Amino acid sequence: MARHWLMKSEPQECSIDDALAAPDATVPWTGVRNYQARNFMRDDMRVGDGVLFYHSSCPEPGIAGIAQVASACRPDPTQFERGSPYFDAAASPEKPRWLLVDVKAIQKTRLLSLAELRATPALADLLVLKKGSRLSITPVGDEHWRLIVDGLLAVARG
DNA sequence: GCCAACGTTGGC
DNA sequence: GCCAACGTTGGC
């Protein structure tokens with residue numbers, strides 16, 4: 001059974017528009033440098049899993065689109081790139097430390113802002129809303145997924 | 001720029 | 001293995 005995820009991206013680096021504009025609307029999810037988030041990709045993600053595309057560290061943080069996991073995990077090449085902000089001297093192609101998956105954007109939605117998410121009691125348990133949560137990848141339960149996606153699509157339909 | 005919260009590092 | 005110091009995240 002497919003799971004669902006919320007994945008944070010800084011729109012400055014890769015927004016939902018950037019993802020949609022990429023070939024096949026697919027981008028490699030580079031830069032994850034947290035073991036818990038990496039392990040989600042390694043152990044729990046499956047191709048086809050639903051993704052809430054979240055914009056973070058920006059003027060209007062929130063869910064900006066819907067995407068899906070489009071590949072199995074593989075080594076993140078940026079860990080080997082000297083000079084990259086994601087370079088990791090402890091990693092080598094023989095012993096990669098960091099992984100990525102491809103993410104395929106499905107559609108841009110209205111911005112479901114962080115404030116709006118917080119104001120929705122039924123979403124109180126959404127992991128990304130938990131105090132102090134900094135994980136860039138978090139699982140999203142079926143109920144939460146349905147609530148959010150249905151709400152977004154209902155509005156998108158007008 | 002501030003700062004709360006969390007993760008990582010490294011000395012012991 | 002403990003834990004203080006430091007670094008990072010990310011909203012505000």
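The structure displayed is predicted, hence computed values, not measured ones. Reminder, nothing fancy here: chain letters follow the sequence lines and each chain counts from 1.
- No hydrogens or angles were tested; on distance alone, nothing pairs the side chain of R33(A) with the base of dT8(C) as donor and acceptor under 3.5 Å.
- When the P atom of dG10(C) is taken as reference, atom CD of E60(A) falls 18 Å away, rounded to whole Å.
- W145(A) and H4(A) have parallel rings, their planes meeting at less than 30° on a 0 to 90° scale where 60° marks the start of perpendicular.
- Straight-line distance from the CE atom of M7(A) to the P atom of dT9(C): 16 Å, rounded to whole Å.
- For Q36(A), the listed nucleotide lying nearest its side chain is dG7(B); candidates were dG7(B), dA4(B), dG10(C).
- Rounded to an integer number of Å, the gap from H55(A) NE2 to dT9(C) C1' is 17 Å.
- K8(A) has a side-chain polar atom (N or O) that falls below the 4.0 Å cut-off from OP1 or OP2 of dG10(C).
- Taking every side-chain heavy atom of R134(A) into account, dT8(C) is the closest of dG10(C), dG11(C), dT8(C).
- Counting heavy-atom neighbours within 6.0 Å of Q12(A) CD, excluding the residue itself, gives a total of 12 or less.
- Distance CD1 (I63(A)) to P (dG11(C)): 12 Å, rounded to an integer number of Å.
- With sequence neighbours left out, E60(A) forms a side-chain hydrogen bond (donor to acceptor under 3.5 Å, both in side chains) with no residue at all.
- Not one N or O on the side chain of T109(A) forms a donor-acceptor pair closer than 3.5 Å with the backbone of L152(A).
- Put simply, CG on L6(A) is 11 Å from P on dG10(C), counting in whole angstrom units.
- Atoms CG (L117(A)) and P (dG10(C)) sit 15 Å apart, rounded to a whole Å.
- Closest contact between the side chain of S56(A) and the listed nucleotides dT8(C), dC12(C), dG10(C) involves dG10(C).
- For the residue pair D17(A)/S15(A), the side-chain donor-acceptor check at 3.5 Å is not satisfied.
- OP1 or OP2 of dA5(B) lies within a sub-4.0 Å distance of a side-chain N or O belonging to K131(A).
- The side chain of Y54(A) has dG11(C) as its nearest neighbour among dA5(B), dT8(B), dG11(C).
- Rounded to whole angstrom, the span from the CH2 atom of W98(A) across to the C1' atom of dT8(C) amounts to 12 Å.
- Taking atom CG of residue L126(A) and atom C1' of nucleotide dG11(C), one finds them 16 Å apart after rounding to whole Å.
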